[in-house]
There are 4 protein chains.
Amino acid sequence: MRPKDEQKIEAIFAAVIKLTGSGGIAGLKMTDIAREAGVADGTLYTYFRSKEELLNSVYYQLKQKGALAIVDGIDHLPVKVQLYKMWKNSLKYQVNEPAKTIFLEHFKVSPFISEDNKKLSQQLGQYLEKLLERGKEEMIIKPLSNELLISLLTGFLKDYAHYLVNHDLEVTENKAEESFSLSWDAIKA
Amino acid sequence: MRPKDEQKIEAIFAAVIKLTGSGGIAGLKMTDIAREAGVADGTLYTYFRSKEELLNSVYYQLKQKGALAIVDGIDHLPVKVQLYKMWKNSLKYQVNEPAKTIFLEHFKVSPFISEDNKKLSQQLGQYLEKLLERGKEEMIIKPLSNELLISLLTGFLKDYAHYLVNHDLEVTENKAEESFSLSWDAIKA
Amino acid sequence: MRPKDEQKIEAIFAAVIKLTGSGGIAGLKMTDIAREAGVADGTLYTYFRSKEELLNSVYYQLKQKGALAIVDGIDHLPVKVQLYKMWKNSLKYQVNEPAKTIFLEHFKVSPFISEDNKKLSQQLGQYLEKLLERGKEEMIIKPLSNELLISLLTGFLKDYAHYLVNHDLEVTENKAEESFSLSWDAIKA
Amino acid sequence: MRPKDEQKIEAIFAAVIKLTGSGGIAGLKMTDIAREAGVADGTLYTYFRSKEELLNSVYYQLKQKGALAIVDGIDHLPVKVQLYKMWKNSLKYQVNEPAKTIFLEHFKVSPFISEDNKKLSQQLGQYLEKLLERGKEEMIIKPLSNELLISLLTGFLKDYAHYLVNHDLEVTENKAEESFSLSWDAIKA
DNA sequence: AATGAATGAGGATTCATTCAT
DNA sequence: AATGAATGAATCCTCATTCAT
């Protein structure tokens with residue numbers, strides 16, 4: 001159920017993300033979300049059937065928007081260039097939006113996540129798979145399973161972004177290139 | 001008099017790990033832990049001051065034992081061989097002990113983790129750093145920061161292990177070699 | 001919206017006093033207070049942060065109201081008359097409200113009492129001190145320390161009230177006069 | 001049940017009194033009593049059937065011994081002299097043994113006190129009653145009910161002792177005389 | 001008799017959700 | 001639609017007591 005007041009929903013989403021960023025998912029209370037969003041406790045239930053549905057909505061929205069931002073306007077570029085742009089965009093996103101990143105990570109291991117969202121193989125993943133297939137056809141990427149290649153890219157990216165956030169470092173062009181270069185050495189044919 | 005029982009602690013630890021594996025950390029109840037371990041609720045509190053202390057003890061023990069198992073008897077081997085053995089051991093551990101892996105992952109983002117355990121720079125990490133330094137001296141590993149190299153190794157490993165567990169796949173010699181080969185291509189000089 | 005309800009607070013206070021009167025402070029359970037007050041367990045916590053805060057609120061309110069009732073409309077009367085009126089009012093209060101008296105006595109030695117309430121030098125005490133000072137100036141009361149005089153008055157009163165309650169006796173004009181007369185013989189110049 | 005080891009019982013009693021003096025009756029735990037007395041938890045149950053029985057034993061013993069100390073070697077003296085000696089002894093006892101005094105006061109309003117101990121009209125009380133009767137016969141004490149006279153004496157004494165303890169004052173000959181003088185003025189014929 | 005680990009009933013508190021206004 | 005006071009099931013932890021050694 002999601003009637004008119006789109007602004008209120010945004011405020012609620014923002015509250016969830018902000019509070020998770022500071023206190024983790026386990027500390028999230030509906031009362032706190034309501035206060036932070038500037039609405040009454042009961043109002044949350046006008047927009048979402050339950051806490052579970054609210055959090056799953058935030059997750060779903062973040063996944064969608066995140067994917068869009070990362071692949072925005074890069075198709076038709078060469079494979080390696082696209083990969084680099086995705087790499088840099090992702091790194092920036094994870095480092096500049098730590099609250100959102102924390103929410104996504106925590107939610108994935110929380111008891112709230114729905115089966116649907118568990119399966120949610122993000123569009124990003126599908127886009128990436130196609131890109132890797134193209135790379136293999138062009139013989140510039142190793143002919144290995146997508147899962148293996150994707151594990152390397154996303155696993156490395158996540159851990160590196162973590163490191164940068166924990167040490168209060170920014171994403172410079174240099175850092176983006178250096179780290180991507182490592183990934184590329186791994187997957188290039 | 002019955003002496004405080006090491007076996008009972010093991011049973012409690014095993015109960016925590018098993019239950020976290022099935023229901024996640026957020027669903028962990030002291031009552032369930034007690035029942036699973038075959039003791040009374042109150043008994044948990046003769047061994048641990050609180051739920052928090054119990055979980056932190058499990059975490060600490062798992063980190064210690066895990067690190068030992070991974071580097072067992074590999075020093076004095078060449079750098080690349082050591083790295084491969086560590087890779088294979090880690091992969092096997094994470095895939096064959098999914099409950100332990102889940103506990104470790106969930107606990108790290110739970111509200112229970114103590115400051116001490118947050119800082120717990122596992123011995124494994126320090127051992128790995130030294131190994132990478134040696135590799136750089138031998139000019140077989142890229143002269144990049146350890147953080148970058150370690151992010152790649154551990155990030156990739158974690159994600160790949162996840163993939164294997166989620167798809168019910170075992171760690172074969174082939175899979176270990178194939179995945180390590182990717183990592184090596186990334187970090188080799 | 002239902003506004004926070006003053007009546008509900010009164011009901012909760014009354015429940016605390018009634019239950020303490022019958023079972024003592026140590027037997028007080030939040031569940032029983034809630035049932036007696038006709039509210040849910042959780043409701044107690046919308047009005048008071050904890051059991052401790054609830055009991056301290058009851059204590060504070062009883063002290064305030066009690067003091068007011070005792071000195072109501074007696075200033076400007078001669079010292080001895082005022083003392084007698086206070087004596088009679090106090091005696092009646094302690095005998096006619098045994099539950100409140102029990103609560104006050106038990107709470108003072110309970111682990112719940114706050115530092116603030118421990119210090120709470122009741123207005124009654126200050127009023128009494130001024131009155132005794134006046135009596136000394138008028139040379140009708142012995143020139144001794146207020147503490148000594150007050151100990152006699154309040155200590156005797158408390159024990160005598162106790163005796164009356166325990167033997168199911170009422171406060172008659174005669175008993176009030178007789179007992180006050182003893183006190184007066186002690187402190188008069 | 002109270003077999004041989006009288007010393008152990010003394011240690012347990014002392015532990016109860018000491019711990020009540022510092023933490024109040026409500027904070028008393030059998031485990032703490034055992035540790036303070038230097039015995040095992042279970043040992044307490046070799047000497048006393050329950051916590052209730054233990055505390056009631058302490059109370060009973062304190063009442064007996066206290067009474068003896070107060071009236072020791074004073075019979076055959078004149079009434080007023082006896083009263084003064086009792087007054088001074090009591091005052092000293094209550095001020096010099098605050099832990100015992102606290103135990104006695106707290107226990108009286110605790111849920112542990114047995115019916116027998118509630119009724120325990122201490123021998124002291126009976127001795128005092130006889131003394132007051134003698135004083136009335138000698139026409140030096142007002143012909144009022146013993147309860148009234150006793151309330152004044154014991155109530156005043158208790159409150160005054162409290163005041164002295166709370167202000168860290170000692171019982172000097174002067175203070176004993178001054179306070180007794182007030183009491184005497186109240187009850188003398 | 002003494003020990004102290006183990007027991008488990010009992011009680012304070014939390015928080016997602018409801019519903020009268 | 002919005003409000004927020006009220007609800008009460010759920011859960012951690014305590015501590016008097018037991019009993020195998």
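Atoms considered below: every heavy atom in the structure, side chains included; atoms not considered: hydrogens, waters and symmetry mates. All chains are named by letter (A, B, ...) in the order of the sequence lines, taking the proteins before the strands, and each is independently numbered beginning at 1.
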Side chain of D:D41 - closest among E:dG4, F:dA9, F:dG4: E:dG4
N/O (side chain, B:T46) to phosphate O (OP1/OP2, E:dA6) under 4.0 Å: yes
Sugar-phosphate, base or nothing in reach of C:L28, heavy atoms under 4.0 Å: sugar-phosphate
Of the listed nucleotides F:dT17, E:dA16, E:dT7, the one nearest the side chain of A:Y45: E:dA16
Minimum side-chain heavy-atom gap C:L62-C:I17 below 4.5 Å: yes
Under-4.0 Å side-chain N/O to phosphate OP1/OP2 contact, B:T31 with F:dT11: no
B:Y47 vs E:dA6: side-chain N/O to OP1/OP2 distance below 4.0 Å: yes
Distance, rounded to the nearest Å, where D:K51 contributes NZ and F:dA16 contributes P: 4 Å
Side-chain N,O (A:K8) to OP1/OP2 (F:dA1) below 4.0 Å: no
Spacing between C:L44 atom CG and E:dT14 atom P, to the nearest angstrom: 12 Å
Between F:dA16 (P) and D:L55 (CG): distance, integer Å: 10 Å
Interatomic distance, B:I25 CD1 vs F:dC12 C1' [rounded to whole Å]: 16 Å
Distance below 4.0 Å between C:K29 side-chain N/O and E:dA12 OP1 or OP2: no
